[in-house]
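Only one structure is covered here, and it is reproduced in the block below.
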2 protein chains.
Amino acid sequence: MKKNSNYPNTRIQRQKRLQILEAALKIFSTHGYRGSTLDKIALEARISKPNLLYYYKSKQEIHKELINGLMQKWLAPLREMKKNGEPIAELRSYIRRKIEMARDFPRESRLFNNEITQGAPHIKDLLEGELKELVEEKAKIISAWMEEGKLRKVDAYHLIFSIWATTQHYADFDVQVCAILGEEKSKKRFDEAAKFLEQLYIGGLKPEK
Amino acid sequence: MKKNSNYPNTRIQRQKRLQILEAALKIFSTHGYRGSTLDKIALEARISKPNLLYYYKSKQEIHKELINGLMQKWLAPLREMKKNGEPIAELRSYIRRKIEMARDFPRESRLFNNEITQGAPHIKDLLEGELKELVEEKAKIISAWMEEGKLRKVDAYHLIFSIWATTQHYADFDVQVCAILGEEKSKKRFDEAAKFLEQLYIGGLKPEK
DNA sequence: GTCTATATATTGATAGAC
DNA sequence: GTCTATCAATATATAGAC
């Protein structure tokens, strides 16, 4: 049932691999790399451990595929910030997109957090290459806006860092935020956060008269 | 040499335990709980593994003592924010203290990050009790300042969260920051960061005319 | 108090039947 | 492709000599 038609076969393979990745994302993001076991991942994916290793030949390989797949998604919001837009509006929607990512992809955020916190062993190249260049490009744009008097003059790099930090906080430190604000539905929380950040950044960056 | 005088004995014990904690902090903060092994900790502390387990009877016990010891230090900066101070100055020095903690105790910051990211299994009570109360108290103070027109009106809780996020970012995401800004000495970096955060927050929180 | 040797459990990965 | 059984490597913890 598989000799000739390698087509449906591949489709099923792809689907299984996705199913495994989904499970692995959940496990890795909550327990870290070392804290995650193939047993837990296999259980979560509802397959046996050897079967899991039939689709991915090692734990490392699953993790690597997750991390790599993550990076492009993670950088997309910053990529979208355009030079020709209106500065305040561009920043506002960048913040909005980032907070939406924290809301919709908290597991990815934590996976990333974990990777960086432990020294970024798997993506150091990416950080020093692609990420660095992207940030330099966007920092230049922001600095130009400041020179034109469209924004108050501050350090563009630290501005970007602070946006990363504040938005990702709502994904990574979710338990803490919930402990303090109460366990109510968190959709609302992200709206509050977005509103606050908007006030803070717009207030802090509007050019002085 | 130890029957009668249990005094010097205890002092040596305490010193050894400190030595172990210091090593454990380094290991736990870089590899997470599961990623850390007694071997690594013992090696770092320059003692043998069984000897280590003579002073602490389990890995959990070391971790627990670290986490507990950390919390008070971690909350101190917020505790110092006083109702009677001048609002802008109080916030400014709170930010300053927090960024100094990120600079001087990055390992503690990462240990805390790791604990929270994984669901705060060991300090959930603390978050929902002591931390929550402290934050409520300080949020009330900040809100009162806003009511008096001393600060622009924003959500006091999210304000506190954002200060936590932005300052701890420089400890937890150090590799990323270094990758982007270059590997030069980082003392300077914290000054830049402090300056930026000051501009952002003061600009964003000064009451509108 | 400190060490060597070792018990015990967990875990990543493979072999081989079906 | 999936499963059972199992290997080999680690890692926590203990026993017992010194």
Side-chain angles (χ1 to χ4, degrees), chain A residues 1-28 30-67 114 118 121-122, chain B residues 1-28 30-67 114 118 121-122:
Chain A
M1 60 162 82
K2 61 243 117 147
K3 270 269 190 51
N4 291 357
S5 65
N6 55 16
Y7 208 65
N9 214 359
T10 308
R11 207 205 42 174
I12 287 176
Q13 272 198 3
R14 215 171 296 166
Q15 194 257 321
K16 278 261 171 158
R17 284 171 70 100
L18 274 178
Q19 176 183 341
I20 290 168
L21 280 184
E22 170 70 15
L25 174 58
K26 175 166 177 183
I27 303 300
F28 280 135
T30 28
H31 301 97
Y33 181 76
R34 285 290 297 276
S36 303
T37 66
L38 293 181
D39 279 306
K40 281 187 205 148
I41 297 173
L43 182 71
E44 180 71 31
R46 293 166 207 276
I47 62 177
S48 71
K49 187 163 56 168
N51 195 200
L52 186 157
L53 285 163
Y54 169 80
Y55 288 98
Y56 286 93
K57 66 174 179 294
S58 74
K59 183 182 176 182
Q60 270 291 338
E61 195 184 299
I62 307 177
H63 190 252
K64 188 177 166 187
E65 187 150 325
L66 270 181
I67 291 275
N114 205 68
Q118 307 204 356
H122 307 98
Chain B
M1 60 162 80
K2 61 244 115 150
K3 271 270 190 49
N4 291 358
S5 64
N6 54 16
Y7 207 67
N9 213 359
T10 308
R11 206 205 41 172
I12 287 176
Q13 272 199 3
R14 216 171 295 167
Q15 195 258 321
K16 278 261 170 158
R17 285 171 70 99
L18 274 178
Q19 176 182 340
I20 291 169
L21 280 184
E22 170 70 14
L25 173 58
K26 176 166 178 182
I27 302 299
F28 280 136
T30 28
H31 301 97
Y33 182 76
R34 283 290 296 278
S36 303
T37 66
L38 294 181
D39 278 305
K40 282 186 204 148
I41 297 174
L43 182 71
E44 180 72 29
R46 293 165 206 277
I47 61 177
S48 71
K49 187 162 56 166
N51 195 200
L52 185 157
L53 285 163
Y54 170 79
Y55 289 98
Y56 285 94
K57 67 173 179 295
S58 75
K59 183 181 175 183
Q60 271 292 336
E61 195 184 297
I62 307 177
H63 190 254
K64 188 177 166 187
E65 187 149 324
L66 269 181
I67 291 276
N114 206 66
Q118 307 204 355
H122 307 99

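Order of the sequence lines fixes the chain letters, A, B, ..., with proteins taken first and strands second; residue numbering starts at 1 for each chain. If you're wondering where the values come from, they're calculated on a predicted model, not measured in any experiment.
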* With sequence neighbours excluded, residues passing side-chain hydrogen bond (donor to acceptor under 3.5 Å, both in side chains) with A:Q19 -> none
* To do: For B:Y55, check side-chain hydrogen bond (donor to acceptor under 3.5 Å, both in side chains) against everything at least two apart and list the hits.
  => none
Let me know the distance between [atom1] of [X] and [atom2] of [N], rounded to the nearest Å.
X: A:I62; N: C:dT11; atom1: CD1; atom2: P; answer: 15 Å
X: B:I20; N: D:dT12; atom1: CD1; atom2: P; answer: 14 Å
X: A:K59; N: C:dT14; atom1: NZ; atom2: P; answer: 15 Å
X: B:K40; N: D:dT10; atom1: NZ; atom2: P; answer: 12 Å
X: A:R14; N: D:dG1; atom1: CZ; atom2: C1'; answer: 18 Å
X: A:D39; N: C:dT10; atom1: CG; atom2: C1'; answer: 9 Å
X: A:L53; N: C:dT11; atom1: CG; atom2: P; answer: 14 Å
X: A:L38; N: C:dA13; atom1: CG; atom2: P; answer: 6 Å

* Distance-only, no hydrogens or angles: does the A:K64 side chain make a donor-acceptor pair with backbone N or O of A:H122 under 3.5 Å? -> no
* Would you say A:Q13 reaches D:dG1's phosphate, i.e. side-chain N/O to OP1/OP2 under 4.0 Å? -> yes
* Asked: Is any side-chain N or O of A:R34 closer than 4.0 Å to OP1 or OP2 of C:dT11?
  -> no
For [X], give me all partners under salt bridge (Lys or Arg N to Asp or Glu O under 4.0 Å), at least two apart in sequence or on another chain.
X: B:K49; answer: B:D39
X: A:K16; answer: none
X: B:R17; answer: B:E65

Which protein N or O atoms sit under 3.5 Å from an N or O of nucleotides 2-6 of chain D?
from: D:dT2; atom 1: OP1; to: A:K16; atom 2: NZ; distance (Å): 3.0
from: D:dT2; atom 1: OP2; to: A:N51; atom 2: OD1; distance (Å): 3.4
from: D:dT2; atom 1: OP2; to: A:N51; atom 2: ND2; distance (Å): 3.1
from: D:dT2; atom 1: OP2; to: A:Y55; atom 2: OH; distance (Å): 2.5
from: D:dT2; atom 1: O5'; to: A:N51; atom 2: OD1; distance (Å): 3.3
from: D:dC3; atom 1: OP2; to: A:S48; atom 2: OG; distance (Å): 2.8

